[in-house]
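Residue numbers count from 1 along this sequence. Values below: all heavy atoms of this structure, side chains included; hydrogens, waters and symmetry mates excluded. The structure presented is a predicted model; accordingly, all values stated were derived computationally and were not measured.
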Amino acid sequence: MRLILLGPPGAGKGTQAKLLKEKFKIPQISTGDILRNAVKNNTALGVQADSFMAAGQLVPDDVVIGLIKERIKRDDCDPGFILDGFPRTIVQADKLSETLEAMNLALDRVVDLEVDPEEVINRLTGRSTCSECGGMFHEESRKPKVAHVCDCCGGALAQRQDDNKATILKRLDVYQESTAPLKEFYKKQGNLGTVSAKGSVEEIFSRICELVT
Ligand code: AP5
């Protein structure tokens, strides 16, 4: 199964991708996670991406397209994959279509997670992430048992550098301008499905499963 999760920052793409990964035994490919790891490890990619990410801007298309082309050709993607945070522009979507066509593959579903901006701001300003395993928490909806400590691995929890209100608002603008047009793009291709991303994580997960199976 080859899926794309679309949706604004904080829609729950990462949260739902992790659950889908477990259920369907296919990898979650998050360009945001790949780029954050590169920044953390101070690689050439990280140095290139850092200032864009900190400012809430998109990293240049050619950088992320190269990453995805290489990643989806790996053996673990043979049974399928979940793209979380890619594509984000029409150029990225076109290149993905070209790459899949050249591999004789097709997308099964593009799931658009709909959520309003007020909810996004609440989710992102309250989010903390484990620096070790990437586990995600929220100060209201998913509190860690011990403050600032990951329930899963004991790692330290930290707020993402782009989860402050000013940068969240910038990310929402960038989403409207560059990524929202992808809904029309995939609607025309006939594989867009829309899911309300309001409600509990479990409720949203079951809506997505209904759509993709
Ligand atoms: P990326 O990491 O992709 O961030 P994003 O799209 O802004 O999305 P988030 O990770 O913030 O949110 P999410 O939708 O995954 O929600 P989550 O599940 O975490 O990208 C970051 C940056 O990298 C970009 O700004 C850009 O610079 C760069 N980048 C990445 N990909 C790129 C690309 N393709 N091209 C160019 N640049 C790229 O949930 C959020 C919070 O809400 C959590 O605390 C969670 O616990 C909570 N939550 C989740 N679901 C619920 C629920 N149902 N109810 C209550 N709380 C919930």
Side-chain angles (χ1 to χ4, degrees), residues 4-20 28 30-37 39-40 49-59 64 82-89 92 110-131 133-152 155-184 186 192-208 211:
I4 290 177
L5 293 186
L6 274 185
K13 302 181 294 295
T15 303
Q16 297 297 331
K18 284 181 179 60
L19 296 172
L20 290 163
Q28 167 197 10
S30 157
T31 38
D33 286 349
I34 296 171
L35 293 167
R36 271 184 295 279
N37 266 332
V39 170
K40 186 175 155 194
D50 194 16
S51 58
F52 293 102
M53 296 177 80
Q57 301 278 7
L58 294 181
V59 173
V64 277
I82 306 147
L83 293 178
D84 156 14
F86 183 94
R88 264 181 145 95
T89 63
Q92 293 180 19
V110 178
V111 181
D112 176 38
L113 297 174
E114 270 191 346
V115 65
D116 51 60
E118 292 72 32
E119 177 72 12
V120 162
I121 293 168
N122 173 48
R123 286 187 189 178
L124 295 184
T125 49
R127 169 168 66 180
S128 56
T129 311
C130 176
S131 51
C133 73
M136 228 169 334
F137 297 85
H138 188 273
E139 63 187 13
E140 287 160 11
S141 60
R142 191 163 183 248
K143 279 186 185 176
K145 288 182 189 123
V146 179
H148 313 300
V149 178
C150 177
D151 289 357
C152 316
L157 299 183
Q159 197 172 34
R160 263 172 48 176
Q161 64 170 349
D162 57 350
D163 277 350
N164 58 77
K165 196 163 174 195
T167 312
I168 294 166
L169 292 175
K170 179 70 202 168
R171 286 158 64 199
L172 282 168
D173 284 349
V174 170
Y175 170 79
Q176 278 310 332
E177 194 179 318
S178 304
T179 310
L182 290 180
K183 293 190 234 179
E184 203 46 44
Y186 285 116
L192 184 79
T194 301
V195 158
S196 164
K198 278 185 99 167
S200 71
V201 168
E202 295 73 22
E203 282 165 348
I204 297 160
F205 183 57
S206 81
R207 286 174 206 149
I208 297 175
L211 193 73

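- Under the 4.0 Å criterion applied to side-chain N and carboxylate O atoms, Lys198 and Asp116 are assigned as salt-bridge partners.
- Among all heavy-atom pairs drawn from Lys143 and Phe137, the shortest one is C-CD2, 4.3 Å.
- Atom CD1 of residue Ile204 and atom OG of residue Ser196 lie 6.5 Å apart, to the nearest 0.5 angstrom.
- Contact check for Leu169 versus Asp173: no side-chain heavy atoms found under the 4.5 Å cut-off.
- At a threshold of 4.0 Å, the pair Asp163-Arg171 counts as salt-bridged, since one of the basic side-chain nitrogens sits closer than that to a carboxylate oxygen.
- Separation of atoms CG (Leu113) and CG (Leu6) is listed at 8.0 Å; rounding is to 0.5 Å.
- The local environment of CD in Gln161 is crowded, with over 12 non-hydrogen atoms from other residues, nucleotides or ligands closer than 6.0 Å.
- Here the side chains of Ile4 and Pro87 are in contact, with some heavy-atom distance below 4.5 Å.
- Here the CD-CG distance, from Glu184 to Leu182, works out to 11.0 Å after rounding to the nearest 0.5 Å.
- Residues Val111 and Arg207 are not in side-chain contact: their nearest non-hydrogen atoms beyond the backbone lie 4.5 Å or more apart.
- Residues Thr31 and Val59 fail the side-chain proximity criterion, which asks for heavy atoms closer than 4.5 Å.
- If you take CZ on Arg142 and OG on Ser128, they are separated by 9.5 Å, rounding to the nearest 0.5 Å.
- No side-chain donor-acceptor contact under 3.5 Å links Lys13 to the backbone of Gly85.
- The nearest pair of heavy atoms linking Val115 to Pro8 is CG1-CG, 3.8 Å.
- Remark: side-chain polar atoms of His138 are paired, donor with acceptor, to backbone N or O of Asn122 under 3.5 angstrom.
- Of all non-hydrogen atoms in Pro9 and Leu172, the two that sit nearest each other are CD-CD2, 4.1 Å.
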Applying side-chain contact (heavy atoms from CB on, under 4.5 Å), run through Thr167 and Arg160 and close with a yes or a no.
CA-CA 11 Å; Thr167 312; Arg160 263 172 48 176; over 6 Å; no

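- Using a distance-only test at 3.5 Å, with no hydrogens or angles considered, no donor-acceptor pair links the side chain of Ser178 to the main chain of Tyr175.
- Looking at Cys152 and Cys130, their side chains never come closer than 4.5 Å, going by heavy atoms from C-beta outward.
- From Ile208, atom CD1 reaches atom CG of Leu5 across 6.0 Å, with rounding to the nearest 0.5 Å.
- Put simply, the side chain of Thr179 gets close to the backbone of Arg88: a donor and an acceptor are under 3.5 Å apart.
- Put simply, CZ on Arg123 and CD on Glu140 are 11.5 Å apart, with the number rounded to the nearest 0.5 Å.
- Within the 3.5 Å criterion, the main-chain N or O of Lys145 finds a donor-acceptor partner in the side chain of Asp151.
- Between Gly134 and Thr129 the shortest heavy-atom distance is O-CG2, 3.7 Å.
- For the pair Val64 and Leu58, the minimum side-chain heavy-atom distance is 4.5 Å or more.
- Residues Arg127 and Leu124 are in side-chain contact: their nearest non-hydrogen atoms beyond the backbone lie under 4.5 Å apart.
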